[in-house]
Every structure is written in structure tokens, then in C-alpha cells.
Number of protein chains: 2
Amino acid sequence: MATNQLYKGSLSTIILKLLGEKGRMYGYQITQEVKAISSGEYVITEGALYPMLHKLEAQGLLTVEIEMTGNRMRKYYSITKNGKKEVANLMTEMESYIRNMQSLLNPKIDLA
Amino acid sequence: MATNQLYKGSLSTIILKLLGEKGRMYGYQITQEVKAISSGEYVITEGALYPMLHKLEAQGLLTVEIEMTGNRMRKYYSITKNGKKEVANLMTEMESYIRNMQSLLNPKIDLA
DNA sequence: TCTAATGCATAAGCTATTTATGTATGTTTG
DNA sequence: CAAACATACATAAATAGCTTATGCATTAGA
């Protein structure tokens with residue numbers, strides 16, 4: 001990973017939002033989806049993903065169902081009611097963050 | 001700090017960009033400026049600020065001049081040529097981050 | 001005169017992450 | 001058909017970027 005540090009702190013927001021939009025997804029699928037949407041610029045590492053999924057489940061924001069595709073296990077995650085509340089808060093924080101960054105970093109806003 | 005984790009990783013970008021725009025600033029002044037611009041939503045702690053200023057100086061991205069205002073010390077920082085190169089890279093990364101977040105979190109973009 | 005603000009600094013601890021492994025199945029390719 | 005790569009889960013150690021806590025000193029305000 002020669003990538004930048006900016007994505008730190010946004011993983012839970014991304015996971016919850018994605019599950020809120022797309023319905024059930026399994027871990028590996030989330031990594032592929034995020035990589036695709038970000039044009040390969042954000043690659044979620046497994047060491048970050050799986051502990052985060054377990055944490056969100058432990059917090060009651062996600063539920064999990066294990067399914068077998070042939071001999072291969074998949075753990076499908078879905079967002080809970082509390083998860084939906086939480087994602088709304090996280091989205092507000094993200095919007096506020098982006099707004100503040102734009103203020104801080106683009107002082108040349110055209111107010112004309 | 002009950003604040004969110006999203007600001008992690010953006011401190012160096014903010015400092016360098018601010019110094020690139022405003023010219024010389026001292027540490028405390030940076031914290032006040034950032035707090036004001038973000039409407040109090042981003043408060044840089046001293047424990048984060050000063051080590052970062054020292055790090056950026058050690059990397060040759062900032063230079064420092066000590067001045068006395070009466071009996072009170074101020075350390076004025078200015079951006080170097082290498083700092084300007086670096087801030088350009090960091091800005092590109094920030095723009096890319098924000099673009100990717102908007103793709104990931106606002107799937108309902110009007111393409112109409 | 002006590003408190004808050006200004007202005008610097010560092011050390012310990014926390015937390016989200018990266019890096020490094022590990023296990024196992026399925027698919028592609030030389 | 002064997003090796004490499006993709007799929008799919010998992011965890012532990014190390015790292016990075018902070019927060020929290022503390023310290024010192026000057027200045028302004030209640």
C-alpha cells in the first residue's frame with residue numbers, strides 16, 4: 001500500500017452505507033465493489049475488513065448469515081435498524097468533513 | 001474530543017496548504033484559523049500539531065523562524081519549494097479521496 | 001487573584017489500520 | 001496437470017496518527 005492515509009476512519013461508513021444501499025453482501029464482495037467504484041484507488045485490506053465486520057456485528061449494526069456456494073463459505077451481512085440510524089449519523093459526519101475540507105483547501109471559491 | 005475519525009490523515013495537507021496560501025503562520029495561529037474556518041468542527045490538538053510541524057520541518061517541507069512578541073515566543077513557519085511540490089501531491093490525493101467518497105456514498109447521482 | 005487565553009513542548013495510551021500469515025476451495029494457463 | 005492466481009474466510013504483530021494528559025511560561029480578563 002503506497003496509498004494515502006486519508007481513507008483512515010471511513011471504512012465503517014463505507015461498509016454500512018454500501019450494505020444500506022445494496023442489501024446483503026459478503027466480505028470479499030465488498031472489497032471488490034469498493035475497488036471497482038474507486039477505480040482501484042481504495043483497496044480494503046482483509047486485515048481491516050474482517051475485524052471491522054465483526055465489530056459492526058458485535059455492535060448490533062449488522063447481522064450475518066452463513067451460506068455455502070458449493071463447498072465455499074460466504075458470510076452475508078445485512079444492515080440492522082440500528083445500523084441504519086448509525087449510517088445516517090456517519091453520513092452527516094462525512095458531509096461535514098468534506099464541506100470543511102473544501103473550505104480549508106479551496107479558498108478560491110467563486111463568490112461572484 | 002467527541003469528534004469523528006475522518007480527519008485522521010488530513011493534518012499535514014491542511015497545514016501545508018494553509019501555509020502555501022497564507023504565507024508564514026505560527027502554530028497556535030494555525031489552530032485558531034482551522035477552528036474558525038471549520039466553524040469549530042475541527043479542533044487541532046496541540047499534541048497533534050507540534051509534532052507534525054517538527055516532522056514537516058525535518059522533512060524539509062517547512063522552515064521556521066523564531067520571533068519574540070514582547071516576552072512571548074512565536075515560531076513562524078513557511079513552506080519551502082519541496083513543500084509546495086508536496087502540497088500539490090497531497091491536494092491531488094485529497095481531491096481523489098473526496099471524489100471516491102462521493103461515488104461510494106452518493107450512488108443517487110443525477111445523470112439525467 | 002484566580003481563571004482563561006496565548007504559546008510552546010513531550011510522553012503515554014488508544015485505535016484504525018497495514019503487513020504478514022494461515023487455511024481452504026475454485027479456476028486458469030503453460 | 002501443476003503451478004499460479006482468484007475466491008473466501010481469519011487472526012496477530014507492528015505501525016501510524018492521532019488523543020489525552022501533563023508541563024512550563026506569559027498575558028488578559030473577571
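Since the model is a prediction, treat every value here as computed from it, not as a measurement. To find a chain, count down the sequence lines: A is the first, B the second, and so on, and within it residues start at 1.
- Side-chain atoms of A:Lys8 lie closest to D:dG17 of the nucleotides D:dC9, C:dA9, D:dG17.
- Considering only side-chain N and O atoms, A:Lys75 lies under 4.0 angstrom from the phosphate OP1 or OP2 of D:dA10.
- The residue A:Gly70 sits apart from the nucleic acid: no heavy atom pair falls under 4.0 Å.
- In this structure, CE on B:Met101 lies 9.0 Å from CG on A:Leu6, to the nearest 0.5 angstrom.
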Might you list the N or O atoms of the protein lying below 3.5 Å from N or O atoms in nucleotides 22-24 of chain C, with each pair's distance?
none

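- Straight-line distance from the CD atom of A:Glu93 to the P atom of C:dA16: 13 Å, rounded to whole Å.
- When each of D:dT27, C:dT19, D:dC18 is scored by its nearest atom to the side-chain atoms of A:Thr45, the top-ranked nucleotide is C:dT19.
- What separates OH of B:Tyr26 from C1' of C:dA9 is a distance of 17 Å, to the nearest Å.
- With values rounded to the nearest 0.5 angstrom, A:Ile79 atom CD1 is found 14.5 Å from A:Lys22 atom NZ.
- At a cut-off of 3.5 Å, with distance as the only test, a side-chain donor of B:Tyr76 or B:Arg74 sits close to an acceptor on the other residue.
- Side-chain atoms of A:Ser38 come within 3.5 Å of backbone N or O of A:Val34 as a donor-acceptor pair.
- In this entry the distance linking CD1 of B:Ile30 with C1' of C:dC8 reads 13 Å, nearest Å.
- Going from atom OH of B:Tyr97 over to atom C1' of C:dT17 covers 14 Å, rounded to whole Å.
- Applying the side chain to side chain contact (heavy atoms under 4.5 Å, CB included) test to A:Ser39 and every residue at least two apart in sequence or in another chain returns nothing.
- With sequence neighbours excluded, no residue forms a salt bridge (charged side-chain N to carboxylate O under 4.0 Å, His left out) with B:Glu95.
- Looking at residues 47-65 of chain A, you'll see A:Gly47, A:Tyr50, A:Pro51, A:His54 sit with a heavy atom under 4.0 Å from some atom of DNA chain D.
- Look at CD on A:Gln29: it is 15 Å from C1' on D:dA6, rounded to the nearest Å.
- Taking atom CG of residue A:Asn71 and atom P of nucleotide D:dC9, one finds them 15 Å apart after rounding to whole Å.
- With rounding to whole Å, A:Met68 atom CE is found 11 Å from D:dC9 atom P.
- A salt bridge is absent between A:Glu41 and A:Lys35; no separation between the charged side-chain nitrogens and carboxylate oxygens falls under 4.0 Å.
- Taking 4.0 angstrom as the limit, A:Gln5 places none of its side-chain polar atoms (N or O) nearer than this to OP1 or OP2 of D:dA16.
- Rounded to an integer number of Å, the gap from B:Tyr77 OH to C:dG7 P is 14 Å.
- Both A:Arg74 and B:Ser10 lie close to DNA chain D; mapped to their nearest nucleotides by heavy-atom distance, the more 5′-ward contact belongs to A:Arg74.
- Residues passing the ring-ring contact (aromatic ring centres under 6.0 Å, His included) test with A:Tyr77, sequence neighbours excluded: none.
- With respect to the salt-bridge test (charged N to carboxylate O, under 4.0 angstrom), the residues B:Lys75 and B:Glu67 do not qualify.
- Within 4.0 Å of B:Thr31, counting heavy atoms only, lies no atom of the nucleic acid at all.
- Listed by chain and number, the residues in a side chain to side chain donor-acceptor pair (under 3.5 Å) with A:Tyr50 amount to none (sequence neighbours excluded).
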